[in-house]
Engineer: 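Just passing along the structure, written as structure tokens.
Naming convention: chains lettered A, B, ... in sequence-line order (proteins, then strands); numbering from 1 in each chain.
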Amino acid sequence: MTEEKVQSNFIRTIIAKDLESEKHDGKVTTRFPPEPNGYLHIGHAKSICLNFGLANENEKGTCNLRFDDTNPEKENIEYINAIKSDVEWLGFNWEDREFYSSDYFEKLYNFATQLIKNGKAYVCSLNADDMREYRGTLTKPGKPSPDRDKSIEDNIELFESMRAGEFEEGTHTLRAKIDMSSSNMNLRDPAIYRIKKVHHHRTGDKWCIYPMYDFTHCLSDSIENITHSICTLEFEDHRPLYDWFLDELKTECHPQQIEFARLNLEYTVMSKRKLMKLVEKNLVEGWNDPRMPTISGMRRRGYSPASIRNFCERIGVGKKESRIEFGMLEEKVREDLNENAKRVSCILKPLKVIIENLPEDEVIELSTQNHPQKPEMGERIVPFSRELYIERDDFMIDPPKKFFRLGPGKEVRLRFAFFLKCIDYKTDENGEVTELRCTYDPETLGGKAPDGRKVKGTIHWVSAKHALTARVNLYGMLFSDINPEESGDFLENLNPESIEVLDDCKIEPSIKDAEKETTYQFERQGYFCIDSNDDANGLIFNRTVSLRDTWAKIKKG
RNA sequence: UGGGGCGUCGACAAGCGGUAAGUCACAAGGUUUUGAUCCUUGCAUUCAGAGGUUCGAAUCCUCUCGCCCCAGCCA
């Protein structure tokens, strides 16, 4: 499909200026720096598209994949692998530039030592509670730690002891010596190393002290010669600290931190912590549940990488916090799938039709296009026989005037086949329609009647004896509230009807050997994707998104 | 109430002193063997508000209002 037209945004503007002034020799080096403590979601996709996109649209642009793995308590290898596969699936390539903050631990340690030697860092033995106490509040300045003026020699020795594992967790930290009365809380002597006697997924037991984000991030960026370090708005207050470390350590490369507004989407949550809660409490099937806003969930649901990329381009990048309408996302998937998905017939809620003027054993093989506007997508054969299934919703005993489908005595066109006229119907004891008796007109193959009579409606169908039975999962919004986290516990806003399982769907036989993750358009219904978790016996489809439904709108009034 | 940000159509979003792009939504028509797609048209005399500078302001200045973020040894 055609990629979205790029639109200007403030970061593109900054880069264009830098390019013009040759600030970085024409280079644009960005990085996508996830912490491997959960799965990636659509919010990360925005960041991925931004960082890789900016690199890709510039001649000398590259984007690194860097795992920000400085907190071994929460991080693990499962997440690393999941993240890599998600980024790759989205269509981005980091080539050999797969980095880890933990690769820089030794360098970082040396930088910290340097800071101590410059009199700009000290080992503090305040415990967590006291440190908070000393820090002051938003309106009251903090007071200096009793350890603030220890000698450089003492600090060096203490820091070495920290590394050597001579202290217990929580007893000591290394702190930057900046300004305890700064109006920016981040500058009130922030901790830069803490003791954690925890096994790290990459460095093993080599370290028992781990650097904090603020210290690690700017230096990792600098080590990798990042030109533009793009992060989200909440780090705006951290920028002075980012710059402070690099200035104090006089690094050759001093990247520019630029902050943008993270993505919020209607009817969902966008925090790893909250998504993790849904997974842990088994409120969803897992990180890749098709209702989840995770990349793996959207993938399983049938969203294409291109549709996600286009969505991210379309919503733009700015500093204004916003919440995107879900329809924006849905429209981007439809746009892509309309182009690329093969059409197929599937009856979601079957109603049996007997064609009285077609002999029991006769099978008419009809050739139909896989895509109405794209003949290059080929054709397939679909069998037509005496017993069909049509959609229950396509028949009404007492249809309103504008109902173009079937009713007693009414005639419709069967898609790609013949005209069909309903002459009778049967009901059960509850008045529920159980079967339709119809006749077909053999002269109408091709969609038109020789006598010139017209039918308004065209419905889809499937030959009963040839049909495969499939299960179809219909998904709705995961939450019933536009902003689930606004009031109280977000879990209370879960939508109890976020999934509807249809067990007896009838689908045409042509999809028999289709592979997992293939997306089809079910004619007149929507886009559906073969579940990738589908184990063995049975076809399972996930509805990616429905087709636009003008009739539903009319019906609602 | 200290500091840092942000306010342009219902939802996003360009614009950066020369007289309001685009997308989604919505509405009305047309084409159509998917009530789909596609096409055409309409949809901000106005840029949070009030003053000011200017021949000219969404863009510059001043004040006011509203919203978000910051007091982890998380990132």
Engineer: Distance alone, cut at 3.5 Å: any donor-acceptor contact between the side chains of A/E78 and A/Y39?
Structural biologist: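 The answer is yes; a qualifying pair exists.
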Engineer: Could you check whether A/Y193 gets within reach of a base, just the sugar-phosphate, or nothing at all, counting any heavy atom under 4.0 Å?
Structural biologist: nothing
Engineer: Could A/R31 and A/F99 be counted as a cation-pi pair, given that NZ or CZ must be under 6.0 Å from the ring centre and within 45° of the axis?
Structural biologist: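 Ring-cation test returns no.
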Engineer: Whole angstroms only, please: what is the CZ-P distance between A/F260 and B/C69?
Structural biologist: 17 Å
Engineer: Looking at A/D147 and A/R175, is any side-chain nitrogen of the basic one under 4.0 Å from a carboxylate oxygen of the acidic one?
Structural biologist: no
Engineer: A/D179 has an atom CG; how far is it from atom P of B/G3, in whole Å?
Structural biologist: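 Taking CG of A/D179 and P of B/G3, I get 14 Å after rounding.
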Engineer: A/R188 side chain N/O closer than 4.0 Å to the phosphate oxygens (OP1, OP2) of B/A71?
Structural biologist: no
Engineer: Checking side-chain hydrogen bond (donor to acceptor under 3.5 Å, both in side chains) between A/E411 and each of A/R453, A/K454, A/K456, which is the one that passes?
Structural biologist: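 It is A/R453; the other options fail the test.
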Engineer: A/T216 vs A/Y210, test: side chain to side chain contact (heavy atoms under 4.5 Å, CB included). Steps then yes/no.
Structural biologist: CA-CA 9 Å; A/T216 308; A/Y210 292 96; over 6 Å; no
Engineer: With A/T13, which residues qualify under side chain to side chain contact (heavy atoms under 4.5 Å, CB included), at least two apart?
Structural biologist: A/S8, A/K17
Engineer: Assess whether a salt bridge exists between A/K332 and A/E335, defined as any Lys/Arg side-chain N lying under 4.0 Å from an Asp/Glu carboxylate O.
Structural biologist: yes
Engineer: Need one value for A/T216: base, sugar-phosphate or nothing, where a base atom within 4.0 Å counts as base even if backbone is also close, heavy atoms only.
Structural biologist: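 Answer is nothing: A/T216 stays at 4.0 Å or more from every strand.
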Engineer: Any side-chain N or O of A/R405 under 4.0 Å from OP1/OP2 of B/U33?
Structural biologist: no
Engineer: Describe the nucleic acid contact of A/M212 in one word from base, sugar-phosphate, nothing, applying a heavy-atom distance below 4.0 Å.
Structural biologist: sugar-phosphate
Engineer: A/P372 near the nucleic acid: base, sugar-phosphate alone, or nothing, with a heavy-atom cut-off under 4.0 Å?
Structural biologist: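 The answer is base, as A/P372 lies within the cut-off (heavy atoms under 4.0 Å) of a base atom.
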Engineer: Could you tell me how far apart A/E486 (CD) and B/C67 (P) are, to the nearest whole angstrom?
Structural biologist: 12 Å
Engineer: Under 4.0 Å, counting only non-hydrogen atoms across every strand here, what does A/R413 touch: a base, just sugar-phosphate, or nothing?
Structural biologist: base
Engineer: Please give the distance between the C1' atoms of B/U19 and B/U59 as a whole number of Å.
Structural biologist: 12 Å
Engineer: Taking it one step at a time, do A/V333 and A/T544 satisfy side chain to side chain contact (heavy atoms under 4.5 Å, CB included)?
Structural biologist: CA-CA 8 Å; A/V333 217; A/T544 312; 3.9 Å; yes
Engineer: Starting at atom NE2 of A/H371, determine the distance to atom C1' of B/U37, rounded to an integer number of angstrom.
Structural biologist: 7 Å
Engineer: Have a look at A/L126 and say if it touches a base, only the backbone sugar-phosphate, or nothing, with a 4.0 Å heavy-atom cut-off.
Structural biologist: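 The answer is base, as A/L126 lies within the cut-off (heavy atoms under 4.0 Å) of a base atom.
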Engineer: Who passes side chain to side chain contact (heavy atoms under 4.5 Å, CB included) against A/I381, sequence neighbours left out?
Structural biologist: A/E365, A/S367
Engineer: What interatomic distance, in whole Å, is found between C1' of B/A44 and the corresponding atom of B/A20?
Structural biologist: 7 Å
Engineer: Treating primed atoms plus P, OP1 and OP2 as sugar-phosphate and everything else as base, which nucleotides of nucleotides 13-26 of chain B get B, S or - for protein heavy atoms under 4.0 Å?
Structural biologist: SSS-----BBBSSS
Engineer: Can you name the one residue among A/E508, A/R415, A/E391, A/R343 that meets side-chain hydrogen bond (donor to acceptor under 3.5 Å, both in side chains) with A/H460?
Structural biologist: A/E391
Engineer: Test of understanding: with ring pair (Phe, Tyr, Trp, His ring centres under 6.0 Å), list the residues that count as partners of A/Y440, not counting sequence neighbours.
Structural biologist: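 Listed in chain order: A/F384, A/F418.
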Engineer: What pattern of brackets, bars and dots sums up RNA chain B from 5' to 3', given Watson-Crick or G-U wobble pairs under 3.5 Å, [ ] for crossing pairs and | for another strand?
Structural biologist: .(((((((.[[[..)..(...]]].(((((.......))))).....[[[[[..)....]]]]])))))).....
Engineer: Please state how far atom NZ in A/K454 lies from atom P in B/G35, giving the value in whole angstrom units.
Structural biologist: 17 Å
Engineer: Would you mind classifying the nucleic acid contact of A/Q521 as base, sugar-phosphate or nothing, using non-hydrogen atoms under 4.0 angstrom?
Structural biologist: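 If one applies the 4.0 Å heavy-atom cut-off, A/Q521 turns out to touch a base.
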Engineer: Start at the 5' end of RNA chain B and walk down; is the nucleotide closest to A/P33 or to A/K448 reached first?
Structural biologist: A/K448
Engineer: Looking for any heavy atom pair under 4.0 Å, which part of the strands does A/Q373 touch: base, sugar-phosphate only, or nothing?
Structural biologist: base
Engineer: Students often get this wrong, so: under 4.0 angstrom with heavy atoms, is A/K402 touching a base, only sugar-phosphate, or nothing?
Structural biologist: base
Engineer: Can you tell me if A/W551 is stacked onto the base of B/G35, using a 5.5 Å centroid cut-off and an angle below 30°?
Structural biologist: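 One would call A/W551 stacked on the B/G35 base.
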Engineer: Taking the cut-offs as 6.0 angstrom to the six-membered ring centre and 45 degrees off its axis, would you call A/K143 and A/Y134 a cation-pi pair?
Structural biologist: yes
Engineer: Just confirming the chi classification of B/G72, syn or anti, using 90° around 0 as the syn window.
Structural biologist: syn
Engineer: Is the phosphate of B/A36 approached by A/T550 (side-chain N or O, under 4.0 Å from OP1 or OP2)?
Structural biologist: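 Yes.
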Engineer: Which is it for A/E331 and A/R334 under the salt bridge (charged side-chain N to carboxylate O under 4.0 Å, His left out) test, yes or no, and what are the steps along the way?
Structural biologist: CA-CA 5 Å; A/E331 206 31 47; A/R334 290 196 189 103; 3.0 Å; yes
Engineer: What contact category does A/F418 fall into here, base, sugar-phosphate, or nothing, at under 4.0 angstrom with non-hydrogen atoms?
Structural biologist: nothing
Engineer: Mind checking the P distance from B/G42 to B/U54? Whole angstroms is fine.
Structural biologist: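 Roughly 39 Å separates the two P atoms.
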Engineer: Rounded to whole angstrom units, what separation is found between the CZ atom of A/F404 and the C1' atom of B/U34?
Structural biologist: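 That distance rounds to 14 Å.
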Engineer: Take atom CG of A/L138 and atom P of B/A71, then tell me their distance rounded to the nearest Å.
Structural biologist: 8 Å
Engineer: Output yes when a side-chain donor or acceptor of A/K374 lies under 3.5 Å from a complementary backbone atom of A/E339, and no otherwise.
Structural biologist: yes
Engineer: May I ask you to list the residues of residues 237-245 of chain A, by number, that have any heavy atom positioned under 4.0 Å from an atom of RNA chain B?
Structural biologist: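 Heavy-atom contacts with RNA chain B come from A/D237, A/H238.
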Engineer: Using whole Å, what does the distance between atom C1' of nucleotide B/U33 and atom CZ of A/R524 come to?
Structural biologist: 11 Å
Engineer: Using a heavy-atom cut-off of 4.0 Å across all strands, would you classify A/G446 as base, sugar-phosphate, or nothing?
Structural biologist: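 The residue A/G446 makes base contact.
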